[in-house]
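Worth knowing before you read on, the calculation uses all heavy atoms, side chains too, and leaves out hydrogens, waters and symmetry mates.
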Amino acid sequence: MSIWKRIGNIFSKPEAPAVPKSMLNLSAGDICEVSLVTYEVTGRTQTSGRNAVVLTLRDGSRIAYMHIEEREQLQYALYQPIDGRLDDPAEVPATLELDDYTYYLEEEYEGYASVSGQTPYMNGGQQHVWQYQSDESRLLRVEWQNGRFMLYEGEKVIPGDVKVIRA
């Protein structure tokens, strides 16, 4: 090793360690575990103006959706798509009754949704979201984009039940 290389090594800074990926920044092809079930991330939707993301997860032939939002701490909710229909985004009610549960509107927002991978909406655009909760802590999510509604039913997931397997 030459003297100049040795001197250069003395003054060079060591490489910064790689920052491990969190659930909030996973993308298609990554693997995660939610409540002891291993999923492959196949898509990602992020709405502008929010520190939140919805991951499309696949476990074999089953598809689920993980809503992850960073507030004081990361909050997780796992959703399954359900059949349902609404006619007009201007007429989405504040209270919905579904399968003997009454859901109450908790939050409504809209913004530009950027998508990657396989998601319910294959291209980005303006997205409107309504999030509901029942007295039994069941969750309901309604999305509207490009003239199409999607409905999801789910539940909160505690942070200890969520981990990144391979990023």
Side-chain angles (χ1 to χ4, degrees), residues 21-35 37 39-159 161-162 164:
K21 275 195 169 182
S22 75
M23 288 293 290
L24 194 59
N25 54 21
L26 290 182
S27 57
D30 294 335
I31 306 293
C32 64
E33 184 178 288
V34 180
S35 300
V37 178
Y39 293 98
E40 177 186 5
V41 177
T42 59
R44 174 186 175 90
T45 303
Q46 185 164 10
T47 305
S48 64
R50 298 187 65 85
N51 199 12
V53 67
V54 175
L55 299 176
T56 304
L57 306 175
R58 183 179 299 272
D59 171 34
S61 63
R62 193 177 68 169
I63 295 177
Y65 300 92
M66 172 70 82
H67 178 257
I68 306 163
E69 185 167 15
E70 185 173 25
R71 293 188 179 185
E72 296 85 24
Q73 58 185 6
L74 286 176
Q75 298 177 352
Y76 302 96
L78 187 64
Y79 290 93
Q80 305 297 325
I82 58 172
D83 290 332
R85 187 180 124 197
L86 296 168
D87 295 321
D88 186 3
E91 297 176 2
V92 174
T95 304
L96 281 171
E97 291 189 26
L98 181 65
D99 296 335
D100 298 327
Y101 293 101
T102 302
Y103 294 93
Y104 302 97
L105 184 64
E106 276 197 333
E107 185 174 20
E108 175 184 355
Y109 62 88
E110 65 180 295
Y112 182 80
S114 60
V115 300
S116 62
Q118 299 172 343
T119 65
Y121 305 102
M122 294 313 288
N123 50 0
Q126 197 68 16
Q127 183 181 53
H128 204 111
V129 177
W130 296 263
Q131 293 187 154
Y132 295 82
Q133 184 170 344
S134 73
D135 289 336
E136 295 81 14
S137 297
R138 295 176 60 88
L139 304 175
L140 181 71
R141 180 179 172 92
V142 178
E143 297 175 349
W144 181 82
Q145 185 178 344
N146 298 331
R148 179 177 176 206
F149 277 103
M150 288 292 295
L151 283 81
Y152 311 92
E153 195 172 30
E155 58 189 18
K156 291 182 181 180
V157 178
I158 59 173
D161 284 350
V162 178
V164 176

Flag the pair V37 / R62 as yes when at least one side-chain heavy-atom distance between them is below 4.5 Å, and no otherwise. yes
Among side-chain atoms of H128 and E108, is any donor-acceptor pair under 3.5 angstrom? yes
Verify, without hydrogens or angle tests, whether Y121 (side chain) and R148 (backbone) share a donor-acceptor contact under 3.5 angstrom. yes
Could you measure the distance from the CD atom of Q80 to the CG atom of L57? Nearest 0.5 Å is fine. 9.5 Å
How close do T95 and Y132 get, heavy atom to heavy atom, and via which atoms? N-CE2, 4.4 Å
Please step through side chain to side chain contact (heavy atoms under 4.5 Å, CB included) for the pair V142 and L86, ending with a clear verdict. CA-CA 9 Å; V142 178; L86 296 168; 3.8 Å; yes
Nearest atoms (heavy-atom pairs only) where E153 meets L98: OE2-CD2, 4.5 Å
Residue pair R71 / Q73, side-chain donor-acceptor N/O under 3.5 Å: no
Which of parallel (below 30°), tilted (30 to 60°) and perpendicular (above 60°) describes W130 and F149? tilted
Answer yes or no: is there a side-chain heavy-atom contact under 4.5 Å between L74 and E69? no
What are the two closest heavy atoms between P159 and Y76, and how far apart are they? CA-CE1, 3.7 Å
Look up atom SG in C32 and atom CG in L55, then write down how far apart they are to the nearest 0.5 Å. 7.0 Å
To the nearest 0.5 Å, how far apart are CD1 in I68 and CG in L24? 6.5 Å
Are the side chains of N123 and N146 in touch, meaning some heavy atoms are under 4.5 Å apart? yes
Heavy atoms of other groups near D88 CG, more than 12 under 6.0 Å: yes
Taking every non-hydrogen atom, the tightest pair across Q145 and G125: NE2-N, 3.4 Å
For residues R58 and I63, report the shortest heavy-atom separation together with the two atoms involved. NH2-CD1, 3.6 Å
Is there a donor-acceptor contact under 3.5 Å from the side chain of S48 to the main chain of Y112? yes
Any chance you could measure Q133, atom CD, to E107, atom CD, to the nearest 0.5 Å? 11.5 Å
Under 4.5 Å between any side-chain heavy atoms of L139 and K156, yes or no? yes
Measuring only between side-chain heavy atoms, which start at C-beta, is Q127 closer than 4.5 Å to T45? yes
Run the side chain to side chain contact (heavy atoms under 4.5 Å, CB included) check on L78 and Y39 step by step: do they pass? CA-CA 12 Å; L78 187 64; Y39 293 98; 4.0 Å; yes
Ignoring hydrogens, what is the shortest heavy-atom contact between V157 and S35? Give both atom names and the distance. CG1-OG, 4.0 Å
With a 4.5 Å limit on heavy-atom distance, are the side chains of Y65 and T56 in contact? yes
Measuring from atom CG of L26 to atom CD of E40, what distance do you get when rounded to the nearest 0.5 angstrom? 11.5 Å
In sequence, state the C-alpha distance, the side-chain angles, and the governing distance for H67 and Q131, and then conclude on side chain to side chain contact (heavy atoms under 4.5 Å, CB included). CA-CA 11 Å; H67 178 257; Q131 293 187 154; 3.6 Å; yes
What is the distance from atom CG of L96 to atom OH of Y103, rounded to the nearest 0.5 Å? 9.5 Å
Run D30 and V164 through side chain to side chain contact (heavy atoms under 4.5 Å, CB included) and show every step you take. CA-CA 8 Å; D30 294 335; V164 176; 5.9 Å; no
Steps toward salt bridge (Lys or Arg N to Asp or Glu O under 4.0 Å) verdict (R138, E155): CA-CA 5 Å; R138 295 176 60 88; E155 58 189 18; 5.8 Å; no
Got L140 and Y152 here, is their nearest side-chain heavy-atom distance under 4.5 Å? no
